[in-house]
Trainee: 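There's a structure below that I have some questions on.
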Amino acid sequence: MDFLSGFLMRFMGQLQSPTLGFLIGGMVIASLGSQLQIPDAIYKFIVFMLLMKVGLSGGIAIRNANLSEMLLPALFAAVMGILIVFIGRYTLARMPNVKVVDAVATAGLFGAVSGSTLAAALTLLEEQGIEYEAWAGALYPFMDIPALVTAIVVASIYLSKRKRDKYYFNEEYVSKQSVAVGGYTDEISGPASRYPGGSGITAAGYPKDPDTTPGKRVRIWPIVKESLQGSALSALLLGIALGILTRPDSVFESFYEPLFRGLLSILMLVMGMEAWSRLGELRKVAQWYAVYAVIAPLVHGLIAFGLGMIAHFVTGFSLGGVVILAVIACSSSDISGPPTLRAGIPSANPSAYIGASTAVGTPVAIALGIPLYIGLAQAFMGG
Amino acid sequence: MDFLSGFLMRFMGQLQSPTLGFLIGGMVIASLGSQLQIPDAIYKFIVFMLLMKVGLSGGIAIRNANLSEMLLPALFAAVMGILIVFIGRYTLARMPNVKVVDAVATAGLFGAVSGSTLAAALTLLEEQGIEYEAWAGALYPFMDIPALVTAIVVASIYLSKRKRDKYYFNEEYVSKQSVAVGGYTDEISGPASRYPGGSGITAAGYPKDPDTTPGKRVRIWPIVKESLQGSALSALLLGIALGILTRPDSVFESFYEPLFRGLLSILMLVMGMEAWSRLGELRKVAQWYAVYAVIAPLVHGLIAFGLGMIAHFVTGFSLGGVVILAVIACSSSDISGPPTLRAGIPSANPSAYIGASTAVGTPVAIALGIPLYIGLAQAFMGG
Amino acid sequence: MDFLSGFLMRFMGQLQSPTLGFLIGGMVIASLGSQLQIPDAIYKFIVFMLLMKVGLSGGIAIRNANLSEMLLPALFAAVMGILIVFIGRYTLARMPNVKVVDAVATAGLFGAVSGSTLAAALTLLEEQGIEYEAWAGALYPFMDIPALVTAIVVASIYLSKRKRDKYYFNEEYVSKQSVAVGGYTDEISGPASRYPGGSGITAAGYPKDPDTTPGKRVRIWPIVKESLQGSALSALLLGIALGILTRPDSVFESFYEPLFRGLLSILMLVMGMEAWSRLGELRKVAQWYAVYAVIAPLVHGLIAFGLGMIAHFVTGFSLGGVVILAVIACSSSDISGPPTLRAGIPSANPSAYIGASTAVGTPVAIALGIPLYIGLAQAFMGG
């Protein structure tokens, strides 16, 4: 009962967060026929800024981390990030009428990490007097980045295979798309084709690619390479490299970090305007997203808790650290993930993945996940 | 004598303010043939950012206000905002050679509120020990926003009627325009057509509109609706809604607020470059703007003072609050107003409305208006 | 030995600075085939912002300076700024295979001033107890701006003459260019033609110019005027004028200054991506840049030291001030210069001028120049 009311309070609180507020605001003005537009160049720049910030902060965290000591937990974090995407690929994406790219993007977001959920967990651990390694918070990029990269690559491979199949089975892919967007084509195809590197995946990239001619098996490596060279992942990876190899802290703290939330609010507005026109796509499948968004975070956290216990027995990883690993697996990103997925999987429906993550996944992680894993850890302590 | 020298000192000080400095700077480099250009996408983004900030700050002020207590003064503030535009429409706009859109935009700016004039009045009230309600300063959005919205809608209705009449009387509207802008067409038509939502009002919007075919009476509601759906007002109203309904305070304080003055300086530069080429239009009518800019603020303030006195006797609104209501009616916006009008009434000449407001209206309000209304209030106190 | 290890440490440190880090990052992702792009409108806006900031900070420094007292040193600073460009024009630019525009841009950067080198010198002077005038640091814009303006004008004159000669000697200019950029044409010609004002110098400006028809002597003044009207110099000069004549300090400190380093990091990324494709051009001439970047700063500093000594004997300019004049002549800009040159001489190769200045010139100035001039001053004091 207490759990439920706590959950509902957090759910209502999330609706007032600027992130979701701007998303819903964009949906509302789109529904009212507003002619507001964010210029394409600005949109691309905002995405670049957000990816660079996500990359830089990950890179700086890795540079400052004690890599030798955190080797096994970091490895487990990366494994979890990748695993979560594949879990989504073989559960949510298999549900009737659920679009695969939407499901993969959603799984990518659930694999990525929410800074605020992590902060909530750290606060609670301290309140309960449970000790953890100082570097445990720095595990997040080791899960966050593999999850996002895996989601983008898995989506690219899927789209590429589908493209090839289309030549044979003459799937009604293209015509379906055109119907879905209706009279709104310009507004929609705008954002989708905005990020040339990313959208190259669905469109420009393949005709010239000899490896994907009809009849042949799709070769994975060229698609992975193309995903990594796309504008989304190259900005992200460049940020990580600069964060690790140079000293960008001053420019990060004076520029990328303070502008982040504001630029994100504008991106959310744009995504909301687009989401409005694609909300209909979700009518038949919303229940699958709801079920996934409640169950998946708890399952991810339990698997990570198990991996953390292995590290606990092998290398003496603290029980507090195990909780942190479980919480970052349980959390779903509402900040760093959306811009990356928007640029990397432009054809995925943001209403699906942001709705599932921010509106359901995050409250579940905070209200159910954190107490669950802390309780488990305390059970092991008492034992 | 003291009044005059105080006024002149404030007038000179205004010329050094960054707002007017960048405007004049833009005029100077345009006159010297500079090829400096602010890309169109940047221009649109700046206008969006400014409108969003104006909307958010208004919405946050309304959310934090004690609505039930301030009902009557807030109503009077809104009435004043609308009334000021109509006063301008039937005085300044009727002067020989004065263009109606320029006059309406100027009246909109005089209806909008200057934060710095308001701050000066609050400081003086405290120095004089005159008490006022803590929420009295929050009356400003109730006047500011109705004034700007009314100005944009009145201008749209005027342009729409004129458009219809043109079919009959074959007014030399188009040819006059082309001559006015001369060889500078590209520079001018650029900014004017930059904001698609807004400029749709003057150009793209109407041919398709069956309500405005020649011979019929112009229907008001479709024009109001189109104004509200235009990019200018939808950004403004979205900001207000987000400010009232969500908790955007952190993103407002870390992003929209700190970037505001800087982005405004760039907008002023762009408007200055455009203003230069349109300065000639004002040669024959500058005296009317000067007369309006001196008399109108004082008259607006006196009407508002009268309305405030009604609230004083009916609901016990403090005399300090009455002064504040008079001062915000007397003040003319030099910050929030220009971007809104620029986007909402793109065909209006910024040299007219910014010149009248910033160079004359603001010094008049500070040097003459504030002392006048405080003196009046003290006379009532003594009585 | 100590000198050498100190130099090498500073050299390695420079490679980790965000400025150079983002430049090298851009080169690396370009070499890996990344499809990352910064939209053209954003690029132009960033250049505008950087130039505005450089201009404003120069203008504010001049406004706050004691002009009558610093007249002679300021004059010498301006003379040095101009002289350094001509020294480069008649030494580096004459080396075999060195392109004249690249050499002139490099000389412009060595004439411009590095704020961090200046700060290092001021710290050392205070440590050594050598007194200097409080306004001596404000000498920098008097050298910085004339050097950059002279470089842009000299490059324009050269390109204009070359353009005229092409009609006669049918130089293989155009074809050479196309070969140099290879399959990367779009990426390169993009940035090069991005800043219409600046690139007008090389392309659009001249066909219409009657003064440069084949066979006539190129007239200098129209080219100077066109350079000053170009978007690069008009933003810079407007910033200076606003800094001197208005009070833009608040908008400068809240907007232009804090955004500077971040926007510069993005510009560096863009320049790095371009530099990668033009690195090959430098293969045959890198040694000349290396020799210039080691010798030129020390020579510039010695000439400035001599001029400073004249001011010392004529007007009593302090020996500490003489050191400062020598250090700002010795220093080469790694912050304010690149955006100005990028916009003003778009055809110059950034790999040449930034590489020479940031990677070699700045460590030479800090590790060799500053101790040399302080030692000289102490010799004069002891004498």
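Everything quoted here is computed from the prediction, not taken from an experiment. Below, read A as the first sequence line, B as the second, and so on, with proteins coming before strands; counting in each chain starts at 1.
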Trainee: By a 4.5 Å heavy-atom criterion (distance strictly below it), what part of C:L259 contacts chain B: side chain, backbone, both, or neither?
Mentor: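 It is the side chain, since no backbone atom gets that close.
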Trainee: Could you pull out the closest heavy-atom pair between B:G262 and C:V251, with the gap in Å?
Mentor: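 For B:G262 and C:V251, the tightest heavy-atom pair comes out as CA-CG2, 3.5 Å.
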Trainee: Let me know if B:I29 has heavy atoms under 4.5 Å from chain C in its side chain, its backbone, both or neither.
Mentor: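 Side chain only.
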Trainee: Rounded to the nearest 0.5 Å, how far apart are CG of C:L238 and CE of B:M273?
Mentor: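 It comes to 8.5 Å.
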Trainee: Could you look at B:L269 and say if it's the side chain, the backbone, both or neither that has a heavy atom under 4.5 Å from chain C?
Mentor: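 Only the side chain of B:L269 comes within 4.5 Å of chain C.
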Trainee: What do the steps show when you test C:K44 against B:I42 for side chain to side chain contact (heavy atoms under 4.5 Å, CB included), and what is the final call?
Mentor: CA-CA 9 Å; C:K44 282 182 192 163; B:I42 299 299; over 6 Å; no
Trainee: Can you find a heavy atom in the side chain of B:F22 that is under 4.5 Å from one in the side chain of C:T246?
Mentor: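 B:F22 vs C:T246: side chains apart.
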Trainee: Taking the side chain as every heavy atom from C-beta outward, state whether B:I266 and C:M49 have any pair of such atoms under 4.5 Å apart.
Mentor: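 Side chain of B:I266 against side chain of C:M49, heavy atoms only: contact under 4.5 Å found.
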Trainee: Does C:Q229 reach the main-chain N or O of B:L32 with its side chain, forming a donor-acceptor pair under 3.5 Å?
Mentor: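 The answer is yes, because a donor-acceptor pair under 3.5 Å joins these two groups.
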Trainee: Side chain, backbone, both or neither: which part of C:A241 has an atom under 4.5 Å from a heavy atom of chain B?
Mentor: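 Neither; nothing under 4.5 Å.
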Trainee: Could you tell me if the side chain of C:Y43 sits less than 4.5 Å from the side chain of B:P39, heavy atoms only?
Mentor: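 No, their side chains stay 4.5 Å or more apart.
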Trainee: Measure the spacing between CD of B:Q37 and OG of C:S231 and express it to the nearest 0.5 Å.
Mentor: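 So the gap between those two atoms works out to 8.0 Å.
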Trainee: Quick one: CZ on C:F255 to CZ on B:F260, what's the gap to the nearest 0.5 Å?
Mentor: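 Between atom CZ of C:F255 and atom CZ of B:F260 there are 11.5 Å.
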Trainee: Taking all heavy atoms of C:A235 and all of B:L36, pick out the closest pair and write down the distance.
Mentor: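 In terms of heavy atoms, the two residues are closest at CB-CD1, 3.9 Å.
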